[in-house]
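To keep things clear, I will list the structure first and then write my remarks on it.
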Amino acid sequence: MQPTHSQTESQKRTEDAAHWVTLSDARALTPDEQKKLNNWLQADTRNLGAFVQAKSHYQALDYRSGLRTAVAPALTATPRRGRRYFLAGACAAGFAGLLAPSATRERFALRHRGRQAPQRYDWHGNQITVDARSGAYFASTPRHDALMMAEGRIGLQVQHLPVQVTAGAMWLGSKKADFDISVQEQAVVVALYSGTLNWQSNEKSLTLTSPSILHFSQTAGTPPVLISRQDLSDENAFARKAWRNGQIIMNNYTLAEAVSEFNRYSDVQCLIASPALAQRRVSGSFNLLKLQDFASATALLLNCKIQQEKNRILFYT
């Protein structure tokens with residue numbers, strides 16, 4: 001039996017996605033390569049989904065280069081064929097378990113630019129909020145929705161159709177819950193505001209109850225591990241969920257913690273001149289997209305100074 005045109009096109013898209021993920025991991029892209037990647041991503045929304053899917057599997061399989069070259073090699077220095085095609089096959093095989101043949105709809109979200117407020121979607125009666133600089137692949141079947149996270153932070157209010165979430169080798173499922181999930185390299189943090197989540201790994205399963213903050217760790221070759229669980233107060237939950245509306249509520253944050261949040265949303269990056277200043281505490285509520293308001297208010301609160309240049313704001317004493 002000969003493959004259909006759609007099958008051939010899908011295989012080519014998977015291989016192209018694997019190529020770009022492995023190439024960008026191996027080294028910095030040249031300007032020409034970056035332009036080609038941008039054009040490929042914008043050519044078809046399915047390319048975005050394939051790219052996020054490939055990146056998620058790449059991280060789960062721990063195919064990461066140890067060091068990046070300072071000068072980009074020539075375009076001909078592509079990843080080895082064996083590694084590329086193994087990754088493409090792993091992507092296809094791994095995601096097949098999430099999708100039934102009668103999949104009804106797919107959605108893709110790849111958000112990595114600065115100066116973007118979190119985006120909210122109504123997805124089969126469930127509310128999905130995607131943070132800036134976050135990537136995930138969305139798909140659905142008649143029985144459940146599936147979300148494969150690559151990086152960043154996503155909020156989910158599961159009210160109608162059950163949702164299955166994968167982050168690397170970790171799997172979470174829910175029929176009704178309100179929670180945030182954050183993925184950063186090998187760490188996964190879940191803020192469970194209401195409802196329950198079912199957690200499964202290769203060796204165990206557990207029902208997670210609300211309200212709580214759960215920290216997981218997953219390293220190459222080992223199942224995810226639940227590192228800690230803490231109760232979540234109503235006040236803390238309210239502050240944690242503020243990002244969904246483009247706000248930050250700081251309750252005795254260090255300046256370093258506050259700056260880290262604002263840097264996610266702006267091309268203008270905040271820097272702190274000294275470790276002592278970085279550990280000073282600040283409280284307040286701010287719009288995450290109004291960096292200048294935060295910088296001016298913080299300078300008054302901490303009695304420090306700010307120096308603003310084109311692409312940075314420096315806090316100093």
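Just so it is clear, the model here is predicted, and its values are computed rather than measured.
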> What pair of heavy atoms forms the shortest contact from V190 to F216, and how long is it?
Replying inline: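 It is CG2-CE1, 4.0 Å.
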>> Looking at N39, I'd like to know if its CG atom is crowded, meaning that more than 12 non-hydrogen atoms belonging to other residues, nucleotides or ligands lie closer than 6.0 Å.
In response: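 Result for CG/N39: enclosed.
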>> So for atom CG, which belongs to D234, do other residues, nucleotides or ligands contribute more than 12 heavy atoms lying within a distance under 6.0 Å?
In response: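 At most 12 heavy atoms, drawn from other residues, nucleotides or ligands, come within 6.0 Å of this atom.
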Is it the case that the side chain of [X] and the backbone of [Y] share a donor-acceptor pair, with hydrogens and angles ignored and the cut-off at 3.5 Å?
X    : Y    : result
S212 : S210 : no
E309 : L314 : no
R153 : D131 : no
S174 : K176 : yes
S217 : V225 : no
Q127 : G125 : no

Minimum side-chain heavy-atom gap [X]-[Y] below 4.5 Å:
X    : Y    : answer
Y121 : N126 : no
F294 : I248 : no
R229 : L192 : no
L208 : L172 : yes
I306 : Q292 : yes
R13  : W40  : yes

